[in-house]
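One structure is given below, encoded as C-alpha cells.
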Amino acid sequence: MAKLLRGFRDLFEEEAAKLTEVEKAARKIFKIYGAKELRLPTLELKEIFIKATGQTTDIVQKEMYAFEDGGGRLVAMRPEGTPGVARAYIENNFQANPLQKFFYIGNMFRAERPQAGRYREFEQIGLEYIGNAAPAADAEVILMLKEIFEKLGVKNYKVKINSIGCKECRPKFRQDLIEFFSSQKDNLCEKCQTRLEVNPLRVLDCKIDGPKFTNAPRQTLCPTCQKHFDEVKKYLDGKVPFEVDPCLVRGLDYYTKTVFEFQADINGAQNALAAGGRYDDLISSMGGPKVPAVGWALGAERVAQAAAFEEIKKESIFVVSVEESANNYAFDILQNLRKKGLTADGGLFDKNLKAQMKQANRANANFAIIVGGNEVAKNTVILKNLISGEQKEIALAELFTAFEVK
Ligand code: HAM
C-alpha cells in the first residue's frame with residue numbers, strides 16, 4: 001500500500017493556504033526592508049553543512065538526510081538555509097556590493113523525532129543580512145520578524161535574546177562550563193553527558209538539565225561584545241518587548257555575539273517559532289571574505305499555527321447546463337467568470353442536473369449557475385445560492401454585478 005513517510009505530510013487546501021499567507025506577509029516586510037529573494041538548491045555537498053552548521057551539532061551528527069549520489073559525491077538535503085546562502089555569497093562574489101539582504105523560502109529536512117509542530121520536512125522563511133557589523137543590524141532583523149508576526153496577528157510570543165560572545169571571550173566560558181558540568185556529570189541527562197566535551201553550551205538550553213543548574217557559570221563578555229549587546233538592547237528598547245535569557249545558546253555552531261528566539265507562549269516542547277543570530281565568522285570560515293552577518297529563519301508551519309487568520313474566504317461558482325442546446329452558452333459563461341477572476345468550475349455537461357448539482361456541493365461551491373434552452377432564449381441564467389438554497393433568474397448582463405454586489 002502506498003504510504004506516507006513518517007514525519008512528512010501532504011498539505012491540503014487550508015493548510016497550504018495558510019502557509020501562502022505567511023509567505024505573503026513575510027514578502028511584504030522583505031520588500032520594505034530591501035531584501036532580495038534567493039532561491040537555493042535543496043541538495044548541497046554534505047561538507048557544506050558539516051563546516052557551517054557544525055560537526056558537533058545534532059543536525060549534522062544525526063538529523064541529516066545525506067547520501068552518496070550516482071557520481072560518488074556525498075550530498076545532503078538542506079537541513080537549514082544559512083550555509084547555502086553563505087556558499088552562494090562566496091561563489092558569486094557578492095561582496096562586490098558590501099551590504100546585502102537575502103531572503104529565502106523553502107523546505108528543509110531534518111530526521112528529528114516527529115512531534116506536534118516538529119516535522120522531518122518543514123518550511124523555513126529565512127533572512128540573512130550580510131555586511132553590517134553594527135548592532136543596528138541585529139536590531140533591524142529582530143524588528144523585521146516582529147513586523148511579520150504583527151501582520152499575521154501572532155500574539156502571545158516572547159522574544160528572548162542573549163549574547164554568546166566571540167572567539168575572544170567564548171573559549172573561557174566554554175572551559176568554565178566543561179569544568180562545572182564535569183563535576184556534576186552523574187546528574188546530567190544521557191544526551192548532555194556526551195555533549196559535555198563537544199558542545200558544553202548546549203547543556204544550558206537542555207530542557208532537562210538547563211533548569212536544574214541555575215548556578216552554572218555565566219558568560220562574561222569581552223568589552224567589545226558587551227558594548228555590542230548593550231547597543232542591540234538599546235535599539236530594541238520600547239520597540240519590542242524582549243527578555244535577556246543567559247541560557248539561550250542555540251543549537252548551531254556558527255553564532256557569535258547576539259542570538260535570539262521568538263517563542264510561542266504555549267505548553268509543549270515545540271515552542272520556537274523563529275530563531276537566529278549573528279554569525280560574523282561563518283563566511284570566512286567557509287573560504288570567503290571576512291564579512292559580518294546576522295539573520296534568522298521562521299518555521300512557517302509553526303507561525304501559521306500561531307497566526308490569527310481571518311477565515312480564508314472561498315467564493316466559487318459552479319456552472320451547470322441542463323440541455324445540450326445550452327452547453328455552448330454555459331461554457332462561455334464559465335470562461336467569462338474565470339476571465340473576471342472569479343473561481344468557477346463546472347463543465348460536467350454530459351451528466352444530468354442531479355449529478356452536476358451533487359458535484360457542485362462536493363466542490364464546496366457557494367453558487368450554481370444553471371442554464372437550459374429557456375435561459376439561452378431569454379439571455380438569462382438561474383443563480384442559485386447553495387448555502388441558503390435561494391434561487392432567482394437574472395439577466396446575463398447582471399451576472400457579474402450580482403457577484404460584486406454580494
Ligand atoms: P533553527 O533554530 O534551526 O535555525 O530553525 C529556525 C526555525 O525553524 C525554528 O525556530 C523552528 O520554527 C523551525 N524549525 C526547525 N526545525 C523544525 C522542524 N523539525 N519542524 C518544524 N519547524 C522547524 C536555523 O535554521 C538557522 N539557519 C536560522 C538562522 C538564519 N540563523 C541565522 N540566519
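Everything quoted here is computed from the prediction, not taken from an experiment. All ligand and atom numbering here is 1-based and tracks the order in the structure.
Where the criterion is an N or O separation shorter than 3.5 Å, residue side chain and backbone included, L298 fails it with respect to ligand 1. Residue R118 places no N or O, backbone or side chain, under 3.5 Å from any N or O of ligand 1. The shortest N or O to N or O distance between Y104 and ligand 1 is not below 3.5 Å. Ligand 1 has no nitrogen or oxygen under 3.5 angstrom from a nitrogen or oxygen of E301.
The heavy atom nearest to atom 26 (C) of ligand 1, considering only W296, Y279, F262, Y254, is found in Y254. When P114, A275, P79 are checked for heavy-atom proximity to atom 28 (C) of ligand 1, A275 turns out nearest. Residue T82 holds the heavy atom nearest to atom 30 (C) of ligand 1 of all those in D58, T82, V303.
Salt-bridge formation is detected for the pair K172/D176: a Lys NZ or Arg NE/NH1/NH2 atom is positioned less than 4.0 Å from an Asp or Glu carboxylate oxygen. By the 4.0 Å N-to-carboxylate-O rule, K227 lies close enough to E231 to be salt-bridged with it. Ion pair K234/D230 not flagged as a salt bridge, since none of the NZ, NE, NH1 or NH2 atoms sits closer than 4.0 Å to an Asp/Glu carboxylate oxygen. Taking the charged nitrogens against the carboxylate oxygens, R250 and D205 have no contact shorter than 4.0 Å, which rules out a salt bridge. Classification of R39 and E37 as a salt-bridged pair holds, one side-chain N sitting under 4.0 Å from a carboxylate O.
Note: F94 and F102 have tilted aromatic rings, judged against thresholds of 30 and 60 degrees for the angle between ring planes.
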Practice item. Show the numbers, then the answer: is there a side chain to side chain donor-acceptor pair (under 3.5 Å) between Y329 and S321? Key: CA-CA 9 Å; Y329 182 74; S321 169; over 6 Å; no
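A heavy-atom separation below 4.0 Å is found between E112 and ligand 1. Under a 4.0 angstrom heavy-atom cut-off, R120 registers as lying outside contact with ligand 1. Residue contact check for ligand 1: A274 places a non-hydrogen atom closer than 4.0 Å to it. Residue G117 places a heavy atom under 4.0 Å from ligand 1.
A side-chain donor from one of T380 and E393 sits under 3.5 Å from a side-chain acceptor of the other.
Residue R250 has at least one heavy-atom neighbour below 4.0 Å for each of these atoms of ligand 1: 1 (P), 2 (O), 4 (O).
For residues 78-96, the set of pairs meeting the salt bridge (charged side-chain N to carboxylate O under 4.0 Å, His left out) definition, not counting sequence neighbours, comprises E44-R87, R87-E91.
Protein heavy atom in closest approach to atom 31 (N) of ligand 1: Y255 OH, 2.6 Å. With respect to atom 20 (N) of ligand 1, the closest heavy atom belonging to the protein is Y119 N, 3.0 Å. Remark: minimum distance from atom 9 (C) of ligand 1 to any protein heavy atom is reached at A272 O, 4.0 Å.
Residue-level proximity to ligand 1 for L273 is carried by the backbone, the only part with a heavy atom below 4.0 angstrom. When heavy-atom distances to ligand 1 are checked against a 4.0 Å cut-off, Q124 comes that close only through its side chain, counted from C-beta outward.
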Under 3.5 Å donor-acceptor pairs involving side-chain atoms of residues 275-299, not counting sequence neighbours:
residue, atom, partner, partner atom, Å
R278, NE, D138, OD1, 3.1
R278, NE, D138, OD2, 3.0
R278, NE, H228, NE2, 3.4
R278, NH1, N132, O, 3.3
R278, NH1, D280, OD1, 2.8
R278, NH2, N132, O, 3.0
R278, NH2, A134, O, 3.3
R278, NH2, D138, OD1, 2.6
Y279, OH, E128, OE1, 2.6
D280, OD1, A293, N, 3.2
D281, OD1, K290, NZ, 3.1
S284, OG, D281, O, 3.2
S285, OG, D281, O, 3.4
S285, OG, L282, O, 2.7
K290, NZ, D280, O, 3.3
W296, NE1, V141, O, 2.9

